[in-house]
Amino acid sequence: MPQKRVITIQDISCVGKCSLTVALPIISAGGIEAAILPTAILSTHTGGFEGYTFRDLTDDIEPIVAHWASLGLQADAVYTGYLGSEHQQQQMATIFSAFKKQGALVFVDPAMADMGQLYPAFDAHFAMGMRDLVAASDLTAPNLTEATMMLGKPWPGEDYDQAYIEDILRQLVDLGPARAVLTGVSFAADSLGAAAIDRVTGRIDYYFTERVEGYYHGTGDIYSSALLTAIVNGRTLADAIRIACEFTVGAIKRTHAAGTDPRYGVDFEHQLGQFIQLLAN
Ligand code: PXL
């Protein structure tokens, strides 16, 4: 079997373990080639650090894409995460159509907000651009903040029930993607997990693990990278949300026990062995 290839398009936050610095090792651990298209280079991510640098790489995207096109490069999936600007959001449509093999998957993680708030670099207009990008995807994985922003609803905090979550899932697939995963779902104080919907079958799945106290940076990107890796390896959506939840919570638990500064991200590296096992079983 030829090795699968994912093109992932996100920033490089040099320190802080999110976006490309987690996507690359996780996709690689799953036996998939990770081709990368960096959107920006930051000294750290923007969550909780002051004075970070930001170099926009928009001008490099077109020449990189043109060179890849001249090589006839193709991918089994294209995965976008944190993008640096609205212009970059608009560049993605061309990239999706240029590099998708027949039957390839476009996965859009609308990485832009959490806990009811947009990340510092973004505004409401950018959020609408993300909604349009999600509309062009086959699979998306917002957290509840991102989902409600794209759907023009107020963020419910922790105040919601199963009917509310299933309504959000249905509205997400109504935007365009055939499948959607909602992260950060919780119906009980001691558990946290994800919900997933398949528009074609109408099936909804949930998976929960224990909730670990605290806010751990980069875990959305770890979750998405693991989810996509499992899907590209042929796992069902129900399996993929389980594998991604177990892997991510394992890394969070390890980091919580170590008591390190959560801005520097979680110790997913020591969970990669578990991730490979989860994929093999
Ligand atoms: O984890 C999402 C993310 C990715 N990249 C950058 C970020 C963030 C979240 O804050 O700042 C640069």
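What you see is a predicted model; the values in this text were computed from it and never measured. All ligand and atom numbering here is 1-based and tracks the order in the structure. For reference, positions follow the sequence shown, starting with 1.
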Find all atoms of ligand 1 within a distance of less than 4.0 Å from any non-hydrogen atom belonging to Ser13, and give their numbers and elements.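 Going through ligand 1 atom by atom, the ones under 4.0 Å from Ser13 are 5 (N), 6 (C), 12 (C).
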List every atom of ligand 1 that sits less than 4.0 Å from any heavy atom of Leu42, numbering the atoms from 1 in the order shown and giving each element.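 Matching atoms, with element in brackets: 12 (C).
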Tell me, with the steps shown, if Gln90 and Asp132 meet side chain to side chain donor-acceptor pair (under 3.5 Å). CA-CA 9 Å; Gln90 288 150 13; Asp132 294 345; over 6 Å; no
Which one holds for [X] and ligand 1: side chain close, backbone close, both close, or neither close, with close meaning a heavy atom under 4.0 Å?
| X | answer |
| --- | --- |
| His217 | side chain |
| Thr46 | both |
| Ala111 | neither |

Any nitrogen or oxygen of Asp11, side chain or backbone, less than 3.5 Å from one on ligand 1?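 Between Asp11 and ligand 1 (N or O atoms, distance only) the closest approach is under 3.5 Å.
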Could you tell me whether Asp221 and ligand 1 have an N or O pair separated by under 3.5 Å?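 Yes - when backbone and side-chain N and O of Asp221 are compared with those of ligand 1, one distance drops under 3.5 Å.
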When you check the side-chain N and O atoms of [X] and [Y], is any donor under 3.5 Å from an acceptor?
| X | Y | value |
| --- | --- | --- |
| Trp155 | Thr148 | no |
| Tyr79 | Ser225 | yes |
| Gln10 | Asp221 | no |
| Gln171 | Asp167 | yes |

Report the nearest protein non-hydrogen atom to atom 4 (C) of ligand 1: residue, atom name, distance rounded to 0.1 Å.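 For atom 4 (C) of ligand 1, the nearest protein heavy atom comes out as Tyr82 CD1, 3.3 Å.
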Any salt bridge linking Lys101 with Asp76? Criterion: basic side-chain nitrogen under 4.0 Å from a carboxylate oxygen.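 A salt bridge is present here (some side-chain N lies under 4.0 Å from a carboxylate O).
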Would you call Glu213 and Lys253 a salt bridge, using N to O less than 4.0 angstrom?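 Result for this pair is no, no salt bridge flagged.
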Could you check whether any heavy atom of Gly220 sits closer than 4.0 Å to an atom of ligand 1, since that is the contact criterion I want to use?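 In this structure, Gly220 fails to qualify as a contact of ligand 1 - no heavy atom is under 4.0 Å.
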